[in-house]
Structure formats: C-alpha cells, structure tokens
Amino acid sequence: MDIQKNLINFKRLPTHIAFIMDGNGRWAQKYNKTRAQGHEAGSKTLENLTKEMDRIGIQYVTAYAFSTENWNRPKAEVDFLMGLLRKYFKQHIRQAKKDNIKIKVIGDCSGLALDIQEQIKELENMTKDKTGLVLQLALNYGARDEMIRSIQKIGKDLLENKIKITEIDELMFEQYLDTATIPDPDLLIRTSGEIRLSNFLLWQMAYTELYFCEEFWPDFSIQNLYDAIYHFQQRKRRFGGL
Ligand code: IPE
Ligand code: IPE
Ligand code: MG
C-alpha cells in the first residue's frame with residue numbers, strides 16, 4: 001500500500017529508527033545478479049534513505065550492517081562485505097566536511113581489520129560535532145555479545161572500586177552498552193519478509209514498535225519508508241500502562 005505523504009504527521013516522527021537491512025542476496029537472485037551486486041545495491045539504499053531521513057528531521061538511525069554471526073558466511077562474501085565497508089567509509093571520510101551526519105559504530109570493532117578500525121576512528125572523530133542525523137552502524141554487532149562486553153566492563157569497574165554493586169540498575173547498565181546516550185529505537189523496520197530479530201538490539205528494543213515488510217533491502221524505497229512511518233503513527237504505545 002502506498003501511503004500519501006500528506007497522511008504523515010511530520011511533527012510526530014519516530015525519534016530513532018532501526019533497520020535490519022535484509023534480503024540483498026535474494027534481491028540479487030531475483031534480478032539474476034551476484035550476491036556482491038546485491039550488497040552494493042543495498043549500500044546505495046542506505047545512502048538514499050539516510051539523506052531523506054536527515055532531510056525530514058529523523059534524529060537517530062541504527063542500521064544492522066554485519067552481525068557477529070555473519071562471519072559464518074563463505075570467506076569470499078565476508079571479504080566482499082569488508083571491502084564494501086572500506087569503500088563506504090572512504091567515501092564518507094571524503095564528504096564528511098560537507099555532510100551534517102554524525103556517524104558512530106556499534107559492535108565489537110576489535111574484531112574488524114585494523115585499517116577498518118582506523119577508518120572508523122577517523123570518521124567518528126571527523127563527525128563528532130555534527131548536528132544532523134546520528135547514524136549508528138552496527139558492525140560485528142550481536143546484542144548478546146554487546147551485553148556480555150558490558151558485563152565485563154562493569155565487572156572491571158567493580159574490581160577497581162569505581163562502582164558499587166548496589167549502584168547497578170537499568171540506567172547504569174545502559175551506559176555500558178555500545179548505544180550509551182542514544183535513546184532506544186521507536187521503530188524497527190526489517191525488510192525481506194523475515195520475522196525475527198537476529199540478535200539485534202535485544203535490550204534496547206524492549207518497547208520498540210516492530211514493522212516487517214516484504215521488499216528486499218535494495219528495493220526498499222523512500223515510499224516504503226513513509227509507509228512504515230505511517231503504520232508506526234497508527235500504533236498505540238502503552239509501555240505497560242493504560
Ligand atoms: C543482508 O542481506 C546483508 C547482510 C546480512 C550483510 P543478506 O545477505 O542477508 O541477504 P539474504 O537474506 O541472503 O537475501
Ligand atoms: C541480519 O540478517 C543481519 C544483518 C542484516 C546485518 P541475516 O540475514 O544475517 O539474518 P538471518 O540469518 O536471516 O537471521
Ligand atoms: Mg539475510
């Protein structure tokens with residue numbers, strides 16, 4: 001269903017949208033292309049959507065680009081995805097002066113190649129004072145891994161007497177997650193017809209509105225984004241209350 005733009009309340013947009021960008025491979029199969037071409041097309045989709053979301057004033061976007069489980073794919077595909085990341089970061093480093101987007105990476109960066117880690121540091125540093133959309137890229141990200149890493153950091157601070165056991169509460173725990181300081185997603189969009197979370201933001205999505213659609217990620221258009229936002233705006237969020 002194509003929702004007319006005028007049905008959307010631009011004053012009540014979700015503050016934070018999370019994306020599980022799924023279906024690059026099946027998109028490629030459908031159009032007789034290679035999986036690599038699917039991922040390349042998928043990266044363009046993220047570019048286009050980021051620009052549009054920044055334009056309309058969405059404040060935070062988190063995009064799942066590579067999971068802790070995606071290392072289980074054939075080496076050739078993993079290598080291609082890492083190459084695509086290098087290209088993505090290189091381009092963003094080049095255009096960082098012009099853009100107003102702030103880029104952050106969540107996930108275990110220590111598991112990525114050193115040159116990619118360097119690119120991430122450079123780009124995060126170059127964009128840290130930007131005032132536009134905050135784009136969190138989830139790379140080598142798994143929610144369980146994130147929580148375990150947080151618990152390790154908490155354990156370390158306990159041993160060093162920086163915190164007390166009785167001080168550990170939800171608010172404190174959140175400050176140890178990769179997403180510290182970023183509000184929880186209001187809306188999750190997963191493309192390609194899969195209806196699961198695949199280890200994405202399990203803590204942060206306790207009260208997120210979930211939206212699943214059939215389009216493969218490279219085909220997910222700005223119109224599809226507006227459809228999702230429209231559906232989000234029809235939901236009644238209760239957060240356990242009445
Ligand atoms: C999403 O597309 C991109 C990544 C997980 C890196 P897929 O590669 O999972 O595409 P399908 O699910 O095989 O179609
Ligand atoms: C989730 O997609 C991870 C990313 C989009 C990066 P997958 O394609 O890896 O998820 P599953 O395997 O279908 O659950
Ligand atoms: Mg997939």
Side-chain angles (χ1 to χ4, degrees), residues 16-50 53 60-92 103-113 116-117 119-120 135-149 177-179 182 185 187-205 208-221 224-225 228:
H16 182 174
I17 306 182
F19 291 93
I20 300 181
M21 309 186 287
D22 199 9
N24 293 349
R26 280 163 286 159
W27 177 89
Q29 199 167 25
K30 177 174 160 192
Y31 294 104
N32 250 316
K33 294 179 192 280
T34 62
R35 288 184 63 87
Q37 287 174 310
H39 293 309
E40 215 149 63
S43 122
K44 295 214 179 74
T45 300
L46 178 62
E47 282 300 312
N48 293 339
L49 288 172
T50 308
M53 289 185 287
Y60 302 94
V61 168
T62 303
Y64 205 4
F66 193 88
S67 76
T68 46
E69 287 74 44
N70 287 148
W71 297 106
N72 297 327
R73 297 187 177 199
K75 184 172 181 298
E77 173 150 347
V78 170
D79 287 348
F80 183 83
L81 286 167
M82 294 300 144
L84 203 56
L85 274 178
R86 288 184 174 92
K87 210 163 109 183
Y88 179 90
F89 287 133
K90 197 169 162 196
Q91 194 194 321
H92 277 269
I103 299 188
K104 267 195 65 187
V105 170
I106 59 169
D108 184 2
C109 287
S110 72
L112 299 169
I116 298 182
Q117 293 184 38
Q119 285 183 308
I120 292 171
L135 174 62
Q136 295 195 109
L137 277 177
L139 290 182
N140 192 21
Y141 178 89
R144 290 179 171 184
D145 177 70
E146 178 191 32
M147 286 192 255
I148 294 295
R149 284 185 290 105
L177 292 169
D178 297 344
T179 51
I182 307 284
L187 169 63
L188 166 80
I189 299 174
R190 183 171 189 152
T191 55
S192 87
E194 304 298 353
I195 305 184
R196 57 175 168 265
L197 297 179
S198 302
N199 203 9
F200 190 41
L201 301 175
L202 299 183
W203 170 279
Q204 297 86 341
M205 296 209 291
T208 298
E209 295 296 326
L210 309 180
Y211 180 84
F212 299 96
C213 65
E214 293 297 321
E215 286 79 17
F216 296 135
W217 177 252
D219 280 338
F220 188 81
S221 63
N224 296 141
L225 172 71

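Whatever order the structure lists ligands and atoms in, that order sets their numbers, starting from 1. Just so it is clear, the structure is predicted and the values come from calculations on it, not from any experiment. Residue numbers start at 1 and run along the sequence shown.
- In Ser67, neither the side chain nor the backbone holds a heavy atom less than 4.0 Å from any atom of ligand 1.
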Thr68 and Tyr141: CA distance, side-chain angles, deciding distance, side chain to side chain contact (heavy atoms under 4.5 Å, CB included) verdict: CA-CA 5 Å; Thr68 46; Tyr141 178 89; 5.7 Å; no
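- From the protein, the heavy atom lying nearest to atom 12 (O) of ligand 2 is Arg196 NH2, 4.5 Å.
- Under a 4.0 angstrom heavy-atom cut-off, Met21 registers as being in contact with ligand 2.
- In this model, no donor atom of one side chain and acceptor atom of the other lie less than 3.5 Å apart for Gln204 and His16.
- Geometrically, ligand 1 and Asp22 share a nitrogen or oxygen pair separated by less than 3.5 Å.
- Once rounded to the nearest 0.5 Å, the distance linking CG of Leu225 with CD1 of Ile17 reads 5.5 Å.
- With hydrogens and angles left out, the side-chain atoms of Asn199 and Tyr64 include no donor and acceptor closer than 3.5 Å.
- Taking every non-hydrogen atom of Asn24 and a distance limit under 4.0 Å, the qualifying atoms of ligand 1 come out as 1 (C), 2 (O), 3 (C), 7 (P), 10 (O), 14 (O).
- Between the Mg ion (ligand 3) and Asp22 there is an N/O/S contact shorter than 2.8 Å.
- The shortest contact between atom 9 (O) of ligand 2 and any protein heavy atom is with Asn70 ND2, 2.9 Å.
- Among protein heavy atoms, the minimum distance from atom 6 (C) of ligand 1 is reached at Ala65 O, 3.4 Å.
- In this structure, Trp27 and Tyr31 have tilted ring planes: the angle between them lies in the 30° to 60° band.
- Less than 4.0 angstrom separates some heavy atom of His39 from each of these atoms of ligand 1: 3 (C), 8 (O).
- Closest to atom 2 (O) of ligand 2, if we only count protein heavy atoms, is Arg190 NH2, 3.7 Å.
- The shortest heavy-atom distance from Gln29 to ligand 1 is not under 4.0 Å.
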Derivation and outcome, salt bridge (charged side-chain N to carboxylate O under 4.0 Å, His left out), residues Asp178 and Lys104: CA-CA 10 Å; Asp178 297 344; Lys104 267 195 65 187; over 6 Å; no
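- Residue contacts with ligand 1: Gly23 is included, with a non-hydrogen atom under 4.0 Å away.
- Within 6.0 Å of CZ in Arg144 there are 12 or fewer heavy atoms belonging to other residues, nucleotides or ligands.
- Ranking the protein heavy atoms by distance from atom 14 (O) of ligand 2 puts Ser198 OG, 2.6 Å first.
- Residue Gly23 comes nearest to Phe216 through the heavy atom pair O-CB, 3.5 Å, listed as atom of the first residue, atom of the second, then distance.
- In this comparison of Pro218, Gly42, Gly25, the heavy atom closest to atom 10 (O) of ligand 1 sits on Gly25.
- Salt-bridge formation is detected for the pair Arg26/Glu194: a Lys NZ or Arg NE/NH1/NH2 atom is positioned less than 4.0 Å from an Asp or Glu carboxylate oxygen.
- Contacts with ligand 2 closer than 4.0 Å are made by backbone heavy atoms (N, CA, C, O) of Phe66 only, the side chain lying farther away.
- Contact annotation: Arg73 has at least one heavy atom less than 4.0 Å from an atom of ligand 1.
- Annotation for Thr179 and Ile106: closest pair CG2-CD1, 4.1 Å, computed over non-hydrogen atoms.
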